[in-house]
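Naming: A, B, ... by sequence-line order, numbering from 1 per chain. Just so we're clear, the structure is a prediction, and the values are computed from it rather than from any experiment.
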There are 2 protein chains.
Amino acid sequence: MATIGDVARVAGVSRSTASYALSGKRSISAEVREKVEQAVLSLGYTPNAGARALATSQTKVIGLLARFLEDEFAPAMLQYILGVTNRARERGYDTLLLTDEDGVSALRRISDSRMVDGFILLNVAENDDRLGILRAAAQPGSLVGLPGDPSGIDVFDLDFVAAGRLMVETLHELGHRNLILVSQPEHVLERGGAYVSRLANAAQDRARELGVELHHHFAPSSQPQIGLELARLLDAHPNATGLLLNNEAAAAALPSVLRSRGLSAPADISVIGRYSDDFARTFSLPYTAIDSAADELGRRAVERLVSRIESTSDAVSPIVDLITPRIDDRGSTAVPPTRH
Amino acid sequence: MATIGDVARVAGVSRSTASYALSGKRSISAEVREKVEQAVLSLGYTPNAGARALATSQTKVIGLLARFLEDEFAPAMLQYILGVTNRARERGYDTLLLTDEDGVSALRRISDSRMVDGFILLNVAENDDRLGILRAAAQPGSLVGLPGDPSGIDVFDLDFVAAGRLMVETLHELGHRNLILVSQPEHVLERGGAYVSRLANAAQDRARELGVELHHHFAPSSQPQIGLELARLLDAHPNATGLLLNNEAAAAALPSVLRSRGLSAPADISVIGRYSDDFARTFSLPYTAIDSAADELGRRAVERLVSRIESTSDAVSPIVDLITPRIDDRGSTAVPPTRH
DNA sequence: CTGAAAGCGCTTACAG
DNA sequence: CTGAAAGCGCTTACAG
């Protein structure tokens with residue numbers, strides 16, 4: 001492989017001149033620039049990334065820490081990952097994907113060896129043990145997922161409080177007064193998925209304010225359990241006219257549950273879910289839903305991280321950026337059916 | 001960050017001795033080794049990856065090229081990716097995930113800049129334009145997906161010919177003589193997904209040999225089109241007693257299609273799919289299926305790549321490793337119903 | 001506007 | 001068994 005020395009020799013200039021001609025970091029005569037560019041072309045020169053990293057202390061690589069938890073809907077993760085890799089590339093960065101079981105030691109290993117310029121952490125838990133390492137690391141980081149203590153770090157997440165309120169308000173406005181909220185399993189919460197309770201509590205509070213009866217239940221995240229549980233909940237709350245789903249598996253299972261009971265949405269029951277647009281397409285789910293905005297969260301995390309990496313002053317104060325929930329109306333909500 | 005120089009100073013030895021003590025590449029007195037290890041611990045020393053890469057020409061990173069094609073079932077990709085990243089880590093490698101639209105230039109960019117020691121290409125097409133670059137690259141590569149011309153490169157794929165035969169044989173043995181095969185859309189084939197026709201042709205040939213009538217159809221890969229098409233096929237072939245699905249969306253749509261027709265598998269119709277075990281779990285699909293073995297393919301590709309990277313002689317001849325299809329019996333096949 | 005030189009942090013022949 | 005030195009391929013002050 002050609003080196004900058006080869007380029008310099010072919011162009012008949014010094015190595016420093018060749019380097020400056022390529023970086024544009026000092027003025028170069030048109031003539032010399034031309035010769036250098038010719039040499040680069042004829043030699044097919046590309047800078048050696050390791051050498052450049054050593055000289056500049058910049059790798060142009062972002063470390064992406066993905067956690068794959070049991071009982072989590074893994075395909076959803078792909079949207080976050082693509083949001084990150086694609087936007088990173090647009091900003092001139094490549095992505096090192098870290099899927100180690102032990103995120104703490106992966107983070108330490110990559111940080112200490114200076115393999116990346118910054119980190120993005122996915123699936124951040126309420127009390128995430130990776131945050132201590134990240135705060136002490138030499139490289140900046142962005143989180144996707146709001147932890148209990150976000151101090152000192154940039155955080156991006158869906159506004160689950162607003163999401164819970166929005167779900168209730170939307171059906172309340174249509175005239176619903178009796179709703180069921182199906183959350184993810186309780187152990188997701190115990191593991192640190194505080195967004196589950198953020199949404200549920202906000203929904204409860206808003207329901208109380210509006211005089212709406214809200215039945216909140218944690219439910220399994222896999223078939224066939226979730227299907228059975230949905231049927232049980234519909235039996236248990238016969239007066240409920242609306243179903244709020246903060247549980248992807250429940251959304252996927254609902255069509256067949258409704259069909260087998262001879263019900264349809266929104267004629268018999270209104271439904272609002274919370275999942276990604278992509279998830280809706282994959283499963284062809286017909287429900288109005290709050291988009292979880294996975295790719296957008298990934299993109300924002302990258303933007304912020306890159307500007308922090310490239311900013312000279314490191315006194316930029318950290319932000320917590322909660323995306324305002326947006327409803328994708330797929331026509332599964334309506335006024336409640338008139339009882340007879 | 002501490003350097004090897006710091007370690008040497010604290011341990012009271014030369015930098016080369018410190019380096020050798022850590023690599024174990026020459027014999028070191030127990031006493032010196034002890035002092036060096038102490039120094040490493042007290043300083044929290046980790047080698048700088050860029051410097052090491054520059055000195056050794058080894059990055060300990062694998063480049064993973066993933067293509068996300070329209071009309072492809074994206075979540076399936078995640079299994080391949082995890083198979084690769086996890087096995088790579090076990091072998092001491094990290095993974096650079098490349099999702100560039102233009103795989104050709106991504107491959108060239110990463111190869112020329114010496115950012116990785118080898119490549120794994122996912123979703124390889126019949127006539128994949130990345131292969132030319134890969135063959136000319138300084139780093140070795142493994143393919144997941146069999147191209148038309150695999151010469152000179154290690155290839156890993158499911159044996160789709162055997163899969164087609166196996167599907168037909170399994171139902172033939174049970175007594176079925178009239179089958180429908182649902183393939184992915186024809187444009188998947190046109191785009192280079194030759195596995196579609198490899199499976200279909202093998203199934204056709206085997207059916208002919210066994211005196212089985214086989215109706216082969218390309219079908220859409222998204223809802224609601226695929227559901228309608230399945231219904232149409234069942235109408236068009238009322239005497240068919242078995243359904244072979246080489247189309248993930250068809251498998252996902254089938255439960256509701258059967259239910260709405262009052263049919264059930266295997267009582268009324270036998271079903272064999274071809275998708276990953278993980279896919280079956282996610283959608284809780286009840287069908288017997290040939291596992292697409294995504295993670296196993298990823299793992300094998302890594303094993304081979306690593307041994308090629310680390311082998312001194314580069315005269316190792318390339319292999320084409322086709323995984324023998326394995327049927328996961330979920331009870332959706334039986335003897336055909338007796339007509340009356 | 002350009003060049004000679006130092007330095008980034010490692011590894012590894014070469015000498016002893 | 002250990003050390004001094006060269007070299008990997010860049011970038012960037014320092015000098016002119």
Residue pairs passing the salt bridge (charged side-chain N to carboxylate O under 4.0 Å, His left out) test where at least one lies in residues 115-140 of chain B, sequence neighbours excluded: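 Matches after skipping sequence neighbours: B/D128-B/R130, B/R135-B/D149.
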Can you run down the salt bridge (charged side-chain N to carboxylate O under 4.0 Å, His left out) pairs that involve residues 34-46 of chain A, sequence neighbours left out, and say none if there aren't any?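 Every pair satisfying salt bridge (charged side-chain N to carboxylate O under 4.0 Å, His left out) with a residue in residues 34-46 of chain A: there are none.
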Within the side chain of [X], is there an N or O that forms a donor-acceptor pair under 3.5 Å with the backbone of [Y]?
X: A/T59; Y: A/V61; result: yes
X: B/R15; Y: B/G5; result: no
X: A/D157; Y: A/V144; result: no

How many angstroms lie between CD1 in A/I133 and CG in A/L121, if you round to the nearest 0.5 Å?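 CG of A/L121 is found 11.0 Å from CD1 of A/I133.
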Could you state the interatomic distance from CG (B/D159) to OH (B/Y195), rounded to the nearest 0.5 Å?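 These two atoms lie 15.0 Å from each other.
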Which pairs of donor and acceptor atoms, one on a side chain in residues 17-26 of chain A, lie under 3.5 Å apart (sequence neighbours left out)?
from, atom 1, to, atom 2, distance (Å)
A/T17, OG1, A/S14, OG, 3.0
A/S23, OG, A/S19, O, 3.4
A/S23, OG, A/K25, N, 3.2

Holding to side-chain contact (heavy atoms from CB on, under 4.5 Å), I want the full list of residues that pass it with B/R9, two or more places apart in sequence or in another chain.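 Here the qualifying residues are B/D6.
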Which residues satisfy the side-chain contact (heavy atoms from CB on, under 4.5 Å) test with A/I323, sequence neighbours excluded?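 Applying side-chain contact (heavy atoms from CB on, under 4.5 Å) to A/I323 gives A/L158, A/A293, A/E296, A/L297, A/R300.
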Heavy atoms within less than 4.0 Å of DNA chain C: which residues of residues 3-13 of chain B have one? Give them sorted by number.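 By residue number: B/T3, B/I4.
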Those residues of residues 44-57 of chain A lying under 4.0 Å from DNA chain C by at least one heavy atom: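 Per residue number, the list reads A/L54, A/A55.
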Tell me which residues in residues 21-35 of chain A put a heavy atom below 4.0 Å from DNA chain D, sorted by number, or none.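 Per residue number, the list reads A/K25, A/R26.
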Could you pull out all donor-acceptor pairs under 3.5 Å where a side-chain atom in residues 43-53 of chain B meets a protein atom, sequence neighbours excluded?
from, atom 1, to, atom 2, distance (Å)
B/N48, OD1, B/G50, N, 2.9
B/N48, OD1, B/A51, N, 2.9

With a cut-off of 3.5 Å and sequence neighbours excluded, list every side-chain donor-acceptor pair involving residues 104-112 of chain B.
from, atom 1, to, atom 2, distance (Å)
B/S105, OG, B/D102, O, 3.4
B/S105, OG, B/D102, OD2, 2.9
B/R109, NH1, A/D94, OD1, 3.3
B/R109, NH1, A/D94, OD2, 2.6
B/R109, NH2, A/D94, OD1, 3.1
B/R109, NH2, B/D100, OD2, 3.3
B/S111, OG, B/Q139, OE1, 2.7

How do A/Y20 and A/R15 order along DNA chain C: which one's closest nucleotide is nearer the 5' end?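 Going by which nucleotide is closer to the 5' end, it is A/Y20.
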Search all heavy atoms of B/G148 against all heavy atoms of B/P150 and return the closest pair with its distance.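 Closest approach of B/G148 to B/P150, heavy atoms only: O-CD, 3.4 Å.
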Nucleotide range of DNA chain D contacted by chain A, 5' to 3', under 4.0 Å to a heavy atom?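 Listing 5' to 3', DNA chain D meets chain A from D/dG9 to D/dC14.
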Less than 4.0 angstrom from a charged side-chain N to a carboxylate O is my criterion; do A/E310 and A/R304 meet it?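 Answer for the salt bridge query: no.
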I'd like to know if A/R91 pairs up with A/E303 as an ion pair, taking the criterion as any Lys NZ or Arg NE/NH1/NH2 lying under 4.0 Å from an Asp or Glu carboxylate oxygen.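 A/E303 and A/R91: salt-bridged.
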Let me have DNA chain D in dot-bracket notation, would you? Count Watson-Crick plus G-U wobble pairs, both distances under 3.5 Å, and use [ ] for pairs crossing earlier ones and | for inter-strand partners. |||.||||||||.|||
